[in-house]
Structure formats: C-alpha cells, structure tokens
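Counting convention: from 1, in listed order, for ligands and their atoms alike. Because the structure is predicted, anything quoted here is derived from the model rather than measured.
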Amino acid sequence: MTKGRRGAILTLAGIAALGLLAGRCAPSAPKGAKKAGGAVSDAAAAAMKVYVAPGDLDEYYMFASGGHSGQVYVYGLPSGRHLSTIPVFTPYPATGYGFDDDSRKMLGELTWGDAHHPALSETNGDYDGRWLFINDMNARVARIDLRDFKTKQILGPVPNVSGNHGSSFVTPNTEYAVMSSRFSIPIPKGTVAGIDKYATDYKGVATGVKIDPKTGEMSFGWQIALPPFDYDLGDAGKLASDGWVFFTSYNTERATGKLEVTSAARDRDYIAAINWKMADSLAAKGEGTMIGGVKVIDPAKNPGLVYFMPCGKSPHGVDVSPDGKYIIGSGKLQGVTTAFNWEKVQTAMRNKDFSGDEDGIPVLKYESIKDAEVPVGLGPLHTQFGPDGYAYTSLFVDSAVAKWRLGTWEVVDKVPMSYSIGHLTAAHGDTTKPQGKWLVGLNKLSHGRHLSVGPSQPESSQLVDITEEKMKLLLDFFTEPEPHYAQIVNANVLKPIEVYPKEENRHPLAVWDVKDAGVTRNGNKVTVKMVEVRSTITPTDFEVKEGDVVTVAITNIEQTTDELHGLGLLDYNINVVVDPGETKTFTFTAKKKGVYPYYCTNFCSALHQEMQGYMIVR
Ligand code: RUQ
Ligand code: CUA
C-alpha cells in the first residue's frame, strides 16, 4: 500500500531506480529473489521449499488449537494454507455445528470453550491418525474423529476440575488423556471457603480420562487431590518413563492476590510426577473418597503415587524426550531449561532421597535428579524434539527458538521469532519418532507482519526448516486467535473418508428415496423426513400448526465427494449442513405463524438457487 501510494508521486525513472517496478511486475517472485548474476537468493530458495503448486498437496497436516474461539484449525504444511475449521466447543454456522440436535446436546449449556492443547491419538508413542483430543478450560475434553474430521464426544464438565489447562496430553497407547486444574478451589464445586483459607481448604486435582481403545469413547478414569498449586502443562512419559504423567505447577507458595508478585517468591516450583498405572489400579479397586460424585484418591495415603520434582522458577512446559529418558521443565522466569534424568528420578524415589514434603507428598531432592540446566535463553516455555537428538525450546522473552542437544546440553543455534513465541511444534515432535523437517513457532504477536486489519490482529505462525544444522525461517502465516499448541502429523498417517457410505447410515429417521419423504404427526409432535439431492429439497413444502414441536430429519442422499447440502430456515435461527450420505435432525417449536422459506445454503449445482421450499405454520 505504502509502496503504491508513494509510487504514484514518483517519476517512472524514480520508480525503476528504487527497484519498485521490478517487484510489481513479477508478483510471483519474492522480494529480492534474484541476486546479481542470476543466482537464486535465500528468499527464492525459501519460497521454493514452501511452495505447493496448484493442485499439489501438502505433506503434513497441522492441527492447531483455536484457543477461546473453541475450534480446531487445520493447516497444510509446508504451504501454511488453512484447509478446514473443526468446530468443537463453539457453534459454527459454516458446518451447521451447534444447530442440529446432536451437536446441541453435546455442547449443552456452554457455547464457548477455551481450547489449548490438541493431542493426536498414539500407538507405541507415535501418532496413529485415529482421533484428536483437545481440552477446554471449562473442565472438558473433546474427541474429534479423524475419519471424518468431526467432533464426536465432549466429556465433562468433569467434577472438581477448575480451569482444565494441563490437558489433553495422551499416554503412549492412548489409554488416557489427562486433565489438571489451573485454579485450585474448595472441592466439591459449590463449597465455599474464604480466600484466607486458600492454603489449606483449596485443592488442585489431576484427572485421568479413560479412552476405549476400539471406539475412542471417553469416560472418567481416576482423580487425585493435590495441594493448592496452579497446575499448568503436562506430558505423558514414554518408553523409559511410560506409566507416568508429568504436570508443571506454579504458585507453590500457595499465595493469593497479585500472583505476579506473590507467586514468584520461591526459587523453585514443582513438576508433579504421577504414576498413572498405579492410579488406574487404585481406581479399579475403588480407592478414594466420594467428592462431587467421583472417587478422589488421596496421594498421602498411597505412597508411590505422586512425587514432586523441584523445577525453577514458575515452570510452564514439561516435555518428555523421544526415548523417555529426559524430562525437560521450562521455568518461564529463568534463562535456563532444566533436564531431569529419569534414571536418577527413579533412584531418588527408591532411596527416599527427599528434601521435604507437601501435604504428605514427597519432594525429591533437586540436585539428585537434574542432569543439566541448559542455558537456552530467556523465558523458555515449551520444547519439541527432532529425530537426531536435538531439542527445540521456545523463548518467550527472547522471542526466539533455541536448538540444543540432548546429553551434551550445548545450545547450537537460535532463530528469532516475530514475535513473542508461545508454543512451538515440530513434525511428530512430541512422539517417540520425531520426523524433523518442519517446525512452527506459534507466536502471540504479529504486529506489522501483515496488512493491518485494525486493532484485533491475527496471531503469527512461522515455519522453520530444521533439516540442517542452522535453522531457517521460511514462511509467515496467520491464524485466528489463538493457537496455543498445535501438532504436525505426516499426511500419510490419516485416512479420511469423503462420503458417508449409504450402508453405514443407520439413522432411524434416514430416508433414501424421495417417495419416503414427508410429514407424520403424533399429537403436537410433527416429524418431517426430508431428502436433499441436486437440486430439490423434498418435500418442497409442509404444513404444521402453531405450537407444534417439529423435528426435521434431513438426509443428503448424494454419494459424491463434496456434494454438501445445507438447510437454512429463515426467522427460526436454524442452519444445518448435511454431508453426502449423512442424516441430521433439528427440533424446534413452531412458535411463529406464517410462511417461512427454507433453502439449501451450500452452493451445490447450477440449480442451487432453485433448491428451496416453504414451511407453513397455521
Ligand atoms: S499454554 S504458551 Cu495454554 Cu499451552 Cu504455553
Ligand atoms: Cu443443495 Cu445448494
């Protein structure tokens, strides 16, 4: 814009001299693509690496949390193209989510969620492409089926959990997704205790959400009461540390009020190490006290269940290395990230090498369990891993990514991020088999990196090539608020369907022949069976009486890829979208007398506009 305006008042010679003309005439060549002598510049080399030609496909999927938008966003990498939005905790008119009976029921009374950490299901510690789990701060976890990229279940709100931030990290064979409470409260919910009782009467909790290995169905597994700290991030142990799950915590001072001051008194806070296999068998034996409708296990009465690993200072991310041998804890108020040696942690547990306890939970001796304090830089938050023994840590304060080596602990490279990186994600970067290649910095600020869109700016994501010794920033792309964490999975792991096969549709109200469409009445309950197929909605009209409770069941009988139909019912706030082979229902009371048009909302054929009908309410 600036260039154009400035260009208008310059002479042609002036423009050419400034090199502006060249830039304008060759829109496909990135700025400064050609160096003198015709050599390909760094920018052109970068462009070639991320360029996915029209009709070509990306190599990786990136699933990013949508933060308080309550959605999951799907990107292709390396292009950074936004491919799809999967609504999870928030209605999304584009796919009709939150308008039909099933999704409304799933959402319940909450029409927003704050999603932070997607977790792809795993087999042997690597992504298996079956499901994607994601947390919501409102004590919920959702499951998305990657066969059709749809949200299938929302579990919760789970009793006693308040502010489910440290979630939904899965164990290596997807036995559990976990939850933890960022905000300690008196439990069960509804109990009142003054803030002066915080240190004694408030509790944190950690919860295991059990996952059915065949169906992915989630259910309550176990819950453990913890001291009133703020539990923040988590990760499951793997290989060497399989059977354990780790949660960072801050405010181990048990302070209240202005936490930015009051919770920073101690040099070290903790990582809670929880033996989930033990929790699993304790829960199976019925151990625990009923609180808020679930059994809550007391770790003080069950030695070996929970230990605290001291970690400085106000740690945020905890990340387990691909072999499970190192637990990396990043203290956001420090200049180092701490590598704990799992071997040493276990030895300290066995030898009762403790420096004290918190409400009966042993605190391991810091000097006995840490291997190194890696000088990564200021404000380390999260760590991901490559296939070659390298680790990558995001530095919020330094606004950079540090690359360092596990075992030798040397920091070998840094790449600046624009700006204020939070999470980072690498291809399979939190699994037992990291693929390297791509890393994405998920930055909190994007100021000036894109055309201005007013005060509400998108977040910036930056793609980094990690194939070589030196990291290379290749691409900026932008996301809606706010990708906390994201995971990158090789496209060959996923096998999505494109139509729902007719023989799989067992919906009781499905109709596959327009002859079977129509209206049936039972008292004031009216059922309308509807068929959508290019380019008619059958029936093209129907009548009900004022006050009737109307259920409309729409079947899209298409079996062709991408032949979606929608249904908008004017003045009734109804909008659903039905994929090929799918049946959806919506129910409403015909409160308003009159004639109400309905129509297909999804442009489906040359006669899409003709796809319409009338509801007459007498
Ligand atoms: S957080 S920027 Cu919600 Cu995962 Cu670390
Ligand atoms: Cu069906 Cu437009």
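In this structure, Phe229 has its ring center closer than 6.0 angstrom to the ring center of Phe308. Ring pair Phe63/Phe149: centre-to-centre distance below 6.0 Å. Note: Phe247 and Tyr231 fail the aromatic proximity criterion, with ring centroids not under 6.0 Å apart. In summary, the aromatic rings of His165 and His117 are positioned with their centroids under 6.0 Å apart.
In this structure a side-chain-to-backbone donor-acceptor pair under 3.5 Å is missing from Glu122 to Thr431.
The nearest N/O/S atom of His165 to atom 3 (Cu) of ligand 1 is NE2. Among the heteroatoms counted here (N, O or S) of His117, NE2 is the one nearest to atom 4 (Cu) of ligand 1.
Around atom 5 (Cu) of ligand 1, the protein contributes the following N, O or S atoms at distances under 2.8 Å: His316 NE2, His382 NE2.
Expressed to the nearest 0.5 Å, how far OG of Ser180 lies from CG of Asn135 amounts to 9.0 Å.
Shown here for Thr95 and Lys584, the closest heavy-atom pair between the two residues is O-NZ, 3.4 Å.
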